[in-house]
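Some notes on the structure that comes next.
Index from 1, following the sequence.
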Amino acid sequence: MKFFIDTANLDQIKEAQDLGVLDGVTTNPSLMAKEGIKGAENIKQHYIDICNIVDGDVSAEVIATDYEGMIMEGEELAALHPQIVVKVPCTKAGIKAVKYLSSKNIRTNCTLIFSSGQALLAAKAGATYVSPFVGRLDDIGTDGVDLIAQIADMFNYYSFETEVLAASIRHTMHILQCVEAGADVATCPLSAITGLLNHPLTDKGLEQFLADYNKLNS
Ligand code: E4P
C-alpha cells in the first residue's frame with residue numbers, strides 16, 4: 001500500500017517526506033487555491049517545488065474541460081517534471097484525453113470517480129491511476145470503501161495495470177478500510193497518516209519503560 005499526501009501545502013509535504021513513508025502527492029485546483037497559488041506560472045512553479053521535495057508521483061490536475069484543452073494542458077504539465085502525473089476528470093473528454101496521453105507515455109490519474117463503470121472506462125483508456133472518492137460517497141450515505149473493493153476486484157480479475165488510488169480519505173479508519181478493500185494507494189491528509197501511530201498502550205508502555213529505567217539510573 002502506497003501513501004500519497006493529499007495537499008499542496010509545502011510544509012505538510014516536507015513533514016510527511018521526513019517521516020520516510022511518503023510515496024507521492026496529489027493536488028487538485030481546490031487544494032492549490034487553499035494555498036493561495038494563482039496564475040499559470042506560479043502554479044507550474046509550485047508543482048516543480050513539490051516534485052523537488054518528494055521522491056514519488058505528483059498529480060497535477062488540468063483545468064480545461066474540452067479534449068483539445070486537456071491534452072494541451074496535460075502535455076505542458078507532464079513536461080514540467082518527470083514525476084508529474086496528469087490528473088484528468090472522468091468525463092467523455094477526459095477519457096479521450098487519458099487515452100491520448102497514455103499513448104504518448106504520459107502518466108495519468110483519472111479523478112472524480114464515483115462508480116465502477118467510470119473506473120472501467122478509465123482503465124481501458126490506459127490510466128495509470130483511478131481516483132475513487134471515498135469520503136464524498138460517504139457524505140451522501142453511500143459506502144465509499146465498498147467502491148474501492150469493487151474496483152480492486154474488477155482490476156484484479158481482468159489484470160488491469162491501472163492502480164486504485166483511494167482519494168477523499170478523511171481519517172485514519174478510512175486508510176485501514178482501504179487496505180482491506182485492496183487499494184494500491186491511499187491519498188490522505190497528514191493527520192490521517194500520523195493517526196496510524198496512535199495507540200494508548202504504546203504511550204503507556206513507553207512511560208513504564210522510562211520510569212523503570214529512571215528508577216535504577218537516576
Ligand atoms: C485527490 O486526488 C482528491 O482530489 C481529493 O482526495 C478530494 O478530497 P476531498 O473530497 O476531501 O475534497
Side-chain angles (χ1 to χ4, degrees), residues 2-8 24-35 37 43 47 50 57-78 84-102 106-155 160-171 174-175 177-178 181-189 192:
K2 288 187 274 188
F3 279 130
F4 289 179
I5 188 167
D6 195 23
T7 184
V25 178
T26 53
T27 63
N28 63 35
S30 305
L31 292 171
M32 295 292 275
K34 197 169 159 195
E35 300 308 314
I37 317 296
I43 290 173
Y47 287 137
I50 294 175
D57 290 349
V58 174
S59 285
E61 190 159 342
V62 299
I63 302 299
T65 54
D66 62 303
Y67 169 70
E68 284 77 14
M70 281 180 180
I71 63 172
M72 196 180 75
E73 221 183 304
E75 285 179 323
E76 276 173 23
L77 288 169
I84 293 283
V85 174
V86 178
K87 206 172 175 192
V88 177
C90 189
T91 58
K92 196 190 276 185
I95 292 296
K96 284 172 65 181
V98 166
K99 179 77 186 175
Y100 172 86
L101 293 168
S102 57
I106 292 175
R107 292 172 311 133
T108 55
N109 172 356
C110 194
T111 190
L112 288 167
I113 298 268
F114 294 96
S115 75
S116 53
Q118 290 177 317
L120 177 61
L121 285 177
K124 283 186 71 73
T128 313
Y129 298 102
V130 289
S131 287
F133 278 32
V134 174
R136 291 194 197 185
L137 280 170
D138 286 1
D139 288 345
I140 59 157
T142 311
D143 190 340
V145 175
D146 239 23
L147 178 61
I148 299 294
Q150 283 170 30
I151 297 172
D153 281 353
M154 178 173 70
F155 284 5
F160 282 119
E161 284 178 15
T162 305
E163 293 189 48
V164 182
L165 194 174
S168 189
I169 297 289
R170 301 278 167 76
H171 49 71
H174 267 159
I175 300 179
Q177 290 163 344
C178 286
D184 299 292
V185 190
T187 189
C188 327

Determine, stepwise, if the pair I169 / T187 fulfils side-chain contact (heavy atoms from CB on, under 4.5 Å). CA-CA 7 Å; I169 297 289; T187 189; 5.5 Å; no
So, do [X] and [Y] sit near enough that their side-chain heavy atoms are less than 4.5 Å apart?
X: D143; Y: L147; value: no
X: Y129; Y: D57; value: yes
X: I175; Y: F3; value: yes
X: D184; Y: L165; value: no

Would you check if the side chain of D6 reaches a backbone N or O of P189 as a donor-acceptor pair within less than 3.5 Å? no
side-chain contact (heavy atoms from CB on, under 4.5 Å) partners of T128, counting only residues at least two apart: R107, T108
Heavy-atom pair with the smallest gap, counting every atom of [X] and [Y]:
X: V130; Y: F155; answer: CG2-CE2, 3.7 Å
X: S59; Y: Y47; answer: O-CE2, 4.3 Å
X: C178; Y: I148; answer: SG-CG1, 4.1 Å
X: A127; Y: T162; answer: O-OG1, 2.7 Å
X: M154; Y: F160; answer: O-CD1, 4.4 Å

All pairs passing side-chain hydrogen bond (donor to acceptor under 3.5 Å, both in side chains) where residues 131-142 contributes a residue, at least two apart: N109-S131, D138-H174, D139-R170
Donor-acceptor contacts, no H, no angles, side chain residues 64-74, under 3.5 Å, sequence neighbours left out:
{"unit_1": "D66", "atom_1": "OD2", "unit_2": "G69", "atom_2": "N", "d": "3.0"}
{"unit_1": "E73", "atom_1": "OE1", "unit_2": "I63", "atom_2": "N", "d": "3.2"}
{"unit_1": "E73", "atom_1": "OE1", "unit_2": "A64", "atom_2": "N", "d": "2.8"}
{"unit_1": "E73", "atom_1": "OE2", "unit_2": "I63", "atom_2": "N", "d": "2.6"}

Say you draw a straight line from CD of E61 to OG1 of T26; how long is it, rounded to the nearest 0.5 Å? 10.0 Å
Distance-only check: which donor-acceptor pairs under 3.5 Å involve side-chain atoms of residues 86-94, not counting sequence neighbours?
{"unit_1": "K87", "atom_1": "NZ", "unit_2": "T27", "atom_2": "O", "d": "2.8"}
{"unit_1": "T91", "atom_1": "OG1", "unit_2": "G94", "atom_2": "N", "d": "2.9"}

Kindly list each side-chain donor-acceptor pair under 3.5 angstrom involving residues 111-125, sequence neighbours excluded, with atom names and distances?
{"unit_1": "S115", "atom_1": "OG", "unit_2": "Q118", "atom_2": "N", "d": "3.2"}
{"unit_1": "Q118", "atom_1": "OE1", "unit_2": "F114", "atom_2": "N", "d": "2.6"}
{"unit_1": "Q118", "atom_1": "OE1", "unit_2": "S115", "atom_2": "N", "d": "3.2"}

List the residues meeting salt bridge (Lys or Arg N to Asp or Glu O under 4.0 Å) with K2, not counting sequence neighbours, and say none if there are none. E163
